[in-house]
Peer 1: 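Here you go, one structure.
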Amino acid sequence: MLQRIRERISPTDVVMWLIGGGLMFMVVWGSIATLIKGTYTTRHWIDFVIFGLAQGSVYALIATGYTMVYGVLRMINFAHGEVFMSGPYTAYFVAAYFYRNDFLEAQPILCLGVIFLVSMAVSVTIAFFLERIAYRPLRGAPRLIPLITAIGASFFLQYLFRGLYGSSFQAYPDIPMLEGHWVIAGIRILKFQAVVIVAAVMLMFALYSFVMKSRIGKAIRSVSEDKEASALMGIDVDKMISMTFVVGGAAAGAAGVLYAIMFKQVHFFMGFIPGIKAFTAAVLGGIGNIPGAMLGGIFLGLVESVGPSLFLDGLGIVAPYQLKDAIAFTMLVMVLIFRPTGFLGERLAVKKA
Amino acid sequence: MNRKLIMMLTCVFVIAFAFGVQAEVKDPIGVVKLRPGEPIHVAYWVVISGPNTSLGTDIFRGIELAVDEFGGQIKGWPIKITGQDAGCSAEGGQAAATKLAADPTVVAAIGSACSSAAKPGVPILWKAGIPSVSPSNTAPFLTDPERGDGYGGYLRTCHNDKVQGAIAANFAFRKLGLKKAATIHDGSVYAEQLAQVFAKNFKQMGGTVTSMEAISPNDTDMRPVLTKIATGMPDIIYYPIFIAEGGFITRQAKEVSGLEKTVMFGADGMFSPDFYKAAGMSAVGMYHSSPDFSAFAGGYAAFLKAHQKKYGEKPIAPFHGHAYDATMIILKAIDQVAVKEGDNLYIGRKALRDAMYATTKYQGLTGTITCDQYGDCADPKIAVYKTAADNVKQGVMPSKPVWKPY
């Protein structure tokens, strides 16, 4: 009996569970201590949650790009952060032009629409050619090779845009329509945050129904399940892989504009950190799974915003926001210890890789 | 017989070697030998990419104008200025310093721009015998008596943040009459130490520090940390950080409930038109502590004229004058120690360092410069500036301070 238990549980498992349990205990203890201390009122917590939702929905949109590409190609497209950067950085020049001509003030919705379209168009183009030039020739190569190519492509795109637009940052113009705040049911919410959250949710819904309902979406899903069988059923596999990059690029371009609306700065290096975070979100949610990526993104945004105050304040750690990233990545470790496939990742019957 | 021969040969070698060295210039660290026409190589290592580019560009312009003013040559040898990008980070400083240290022609260095880069970079340079004068590292650590041997070749022409932090605290507590302050730093040597000095002085005067927060340099979403600060209801937030993150904080503080009326107070690291670009109209009404241009010596008017003529705009950050003075100290010291023998010019590295440290009562742009034994050379005059709407619209720093402590 004891023998059998010992065979089933390896020492590594025990260590992992101890680490996980210890972290969990710290989180719970810290949260309770913070709540007892009562520094924060309910309004503060609501603010934290709204900030987290806004940031998280941008992560979620980027994460869908990672997860879709992983779904069809089983590779991590590390250049996706740069696809995200290219759109809003280019659209900045359009926005600045509108701003100089006072067009932004007169027709804010039209302008925003144009900015969105430009950003998405640029990101889609970059993503399309990225796949065409950097990944397609290596389709049959061992898995490590496209991965290294992706890192190379990421650097290439970063420094391409540095060369094109310069190395200093650019400030997005203020959009008067989105200044100030609304009070909804007693909760104060900043206008642009409401817009970002609503827009992101709409985009995610559109993306999800595109993948689930449309013919192309169905074809993409069938390619992700089995390339050979899809080809035998008359699906153009290469075209569907391109489509995956196009859809992911469009989501990244839109996310980029939302990011620019929230933070009002664009820079050639701006895609790096959100890219890493979105990749984390995709893994959290179970890579390859679209709703999982969305859930992971929002979860990560919430943890980054609420976590330092909730977990660390009670433990008496000073300046907890410096440890924001540490918390986010610790969460990743914990989720992977307890659920190696992520929140919604399915256990694969046949190893696809 | 054999032993005698060896003895004799050894003697010959020793004598020849001694004469050989004596014929040139002696120096305990090393000598740079320049043949006719070979340039005197002075290198800068500052930030020339990323959001803090304006800081580096401003320094570079000060250097160029100083070299122009000096005539571009010393004893008939041309001065060559080259540069490395040290970024505004420890990694960047290390990389740039390693590159400079590997180049035996480098006589002296100017930099770095950010204290974070100086901390690992300066010891690497000094190990290679290259003294470095910084126009803008203000962190107290770098000239602290406890700083260690690696910083033996380090000097600075800007103020020590012990001065800036005290003046900022004084302004907030005495002039504005504010009793509760919060600080934010970004983990860099500069910001962390300056925030600490400010908090220490503010507490000593009788004020309360509600919280001392920190962010990491790549953060963009400052609203959570600002919400945390808002729970302490401070009257003023002192955030001596850099341009990009400073812009985020300035913009987002206005959006956090409880901080709408809080006074925002930054420091010299983000006193630049680029900061106005980052913060937009939310910067209007905020304060910056920074060197007082109006207290600069008489030569400053001529400097501004030359600057306008050469670059077509006003200075874009606070440290052009300090860079000019740093360059002048180096060039004067080289002029002093360089020895012409035969056709060649010899510069002793230790002698150069000592000559730079010996600078006393030099009338620079930024005031009267006298270096102490730890390399603090500045004659610090720090004032507080207030940003008006016109400054942001036109993208120029305010030229007159609202308050001076002297």
Side-chain angles (χ1 to χ4, degrees), chain A residues 38-41 43-52 54-56 58 162 166-174 179-181 188-193 259 262-265 267-270 272-274 276-277 301-302 304-309 312-313 318-326, chain B residues 47-54 56-57 85 87 182-187 192 195 210-232 243-245 247-248 250-252 254-258 260 272 274-282 316 392 395:
Chain A
T39 328
Y40 305 99
T41 60
R43 223 189 60 208
H44 290 131
W45 291 119
I46 292 172
D47 279 352
F48 281 137
V49 168
I50 292 171
F51 298 148
Q55 174 79 68
V58 173
R162 181 186 165 154
S167 69
S168 67
F169 65 89
Q170 303 291 347
Y172 249 71
D174 294 322
E179 302 287 309
H181 58 264
R188 177 179 165 281
I189 181 166
L190 295 163
K191 280 184 188 171
F192 68 83
Q193 274 178 332
Y259 181 91
M262 276 212 296
F263 299 120
K264 309 218 169 65
Q265 266 185 35
H267 182 231
F268 77 94
F269 202 57
M270 68 182 254
F272 182 72
I273 300 285
I276 297 277
K277 292 284 173 61
L302 281 177
E304 281 191 353
S305 170
V306 181
S309 290
L312 298 183
D313 225 25
V318 286
Y321 275 92
Q322 216 174 5
L323 299 173
K324 192 171 86 169
D325 294 350
Chain B
V47 46
I48 45 186
S49 67
N52 298 307
T53 310
S54 58
T57 309
D85 186 4
T183 63
I184 307 175
H185 72 77
D186 63 357
E192 187 170 359
T210 57
S211 63
M212 294 182 68
E213 293 300 329
I215 51 156
S216 37
N218 285 317
D219 281 359
T220 48
D221 196 2
M222 309 294 181
R223 294 168 191 111
V225 68
L226 288 166
T227 305
K228 180 169 191 300
I229 287 176
T231 59
I243 291 172
E245 301 85 49
F248 289 133
T250 314
R251 271 186 197 274
Q252 295 172 15
K254 298 273 181 291
E255 300 160 1
V256 170
S257 58
E260 292 91 348
S272 160
D274 273 359
F275 170 73
Y276 293 147
K277 236 163 81 180
M281 291 313 273
S282 59
I316 53 172
V392 180

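Keep in mind that what you see is a predicted model, and the values were worked out from it rather than measured.
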Peer 1: Name the region of A/P320, side chain, backbone, both or neither, that has any atom closer than 4.5 Å to a heavy atom of chain B.
Peer 2: both
Peer 1: Which region of B/I184, side chain (C-beta onward) or backbone (N, CA, C, O), has a non-hydrogen atom less than 4.5 Å from a non-hydrogen atom of chain A, or is it both or neither?
Peer 2: neither
Peer 1: Under a 4.5 Å heavy-atom cut-off, does chain A meet the side chain of B/A244, its backbone, both or neither?
Peer 2: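 Looking at B/A244, backbone and side chain both touch chain A.
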Peer 1: Nearest 0.5 angstrom please: B/T220 OG1 to A/H267 NE2, how far?
Peer 2: 13.0 Å
Peer 1: Under the side-chain contact (heavy atoms from CB on, under 4.5 Å) criterion, do A/H44 and B/T231 qualify, and how do the steps go?
Peer 2: CA-CA 8 Å; A/H44 290 131; B/T231 59; 3.4 Å; yes
Peer 1: Return the CG to NZ distance between B/N218 and A/K324, rounded to the nearest 0.5 Å.
Peer 2: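 Reported value, rounded in 0.5 Å steps: 10.0 Å.
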Peer 1: Tell me, please, which residues at least two apart from A/Q170 pass side chain to side chain donor-acceptor pair (under 3.5 Å).
Peer 2: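 A/Q170 satisfies side chain to side chain donor-acceptor pair (under 3.5 Å) with A/Y92 once adjacent residues are dropped.
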Peer 1: Answer yes when A/D313 and B/K228 have at least one side-chain N-carboxylate O distance shorter than 4.0 Å, and no when they do not.
Peer 2: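 Answer for the salt bridge query: yes.
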Peer 1: Based on non-hydrogen pairs under 4.5 Å, which of B/T227, B/D274, B/D186 is most in contact with chain A?
Peer 2: B/T227
Peer 1: Provide the closest heavy-atom pair for B/P224 versus A/S305 in the form atom of the first, atom of the second, distance.
Peer 2: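 It is CG-OG, 3.5 Å.
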Peer 1: Please classify the contact between A/T39 and chain B as side chain, backbone, both or neither, with a heavy-atom cut-off of under 4.5 Å.
Peer 2: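 It is both, since atoms from each part get that close.
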Peer 1: Taking side chain to side chain contact (heavy atoms under 4.5 Å, CB included) as the test, write out the residues that go with A/L302, two or more places apart.
Peer 2: A/V49, A/L53, A/I298
Peer 1: Specify the closest pair of heavy atoms between A/F263 and B/F248, including all atoms of both residues, with the distance to one decimal.
Peer 2: O-CE2, 3.3 Å
Peer 1: Which heavy-atom pair separates A/L190 from B/E255 by the least distance, and what is that distance?
Peer 2: CD1-CB, 3.5 Å
Peer 1: Side chain, backbone, both or neither: which part of B/R223 has a heavy atom under 4.5 Å from chain A?
Peer 2: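 Contact with chain A is through both the backbone and side chain of B/R223.
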Peer 1: Of all of B/I243, B/D221, B/I48, which one pairs up most often with chain A through heavy atoms under 4.5 Å apart?
Peer 2: B/D221
Peer 1: With a 4.5 angstrom heavy-atom cut-off, could you sort out which part of A/F272 is near chain B: side chain, backbone, both or neither?
Peer 2: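 Neither; nothing under 4.5 Å.
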Peer 1: If I measure from the heavy atoms of chain B, does A/F269 come under 4.5 Å with its side chain, its backbone, both, or neither?
Peer 2: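 When you check distances to chain B, no heavy atom of A/F269 falls under 4.5 Å.
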Peer 1: Using the rule side-chain contact (heavy atoms from CB on, under 4.5 Å), only one of B/L226, B/V225, B/D219 pairs with A/Y321; which is it?
Peer 2: B/V225
Peer 1: Within this structure, what is the CD-NE2 distance for the pair A/Q322 and B/H185, rounded to the nearest 0.5 Å?
Peer 2: 5.0 Å
Peer 1: Non-hydrogen atoms of chain A under 4.5 Å away: do they reach the side chain of B/S257, the backbone, both or neither?
Peer 2: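 Contact with chain A involves both backbone and side-chain atoms of B/S257.
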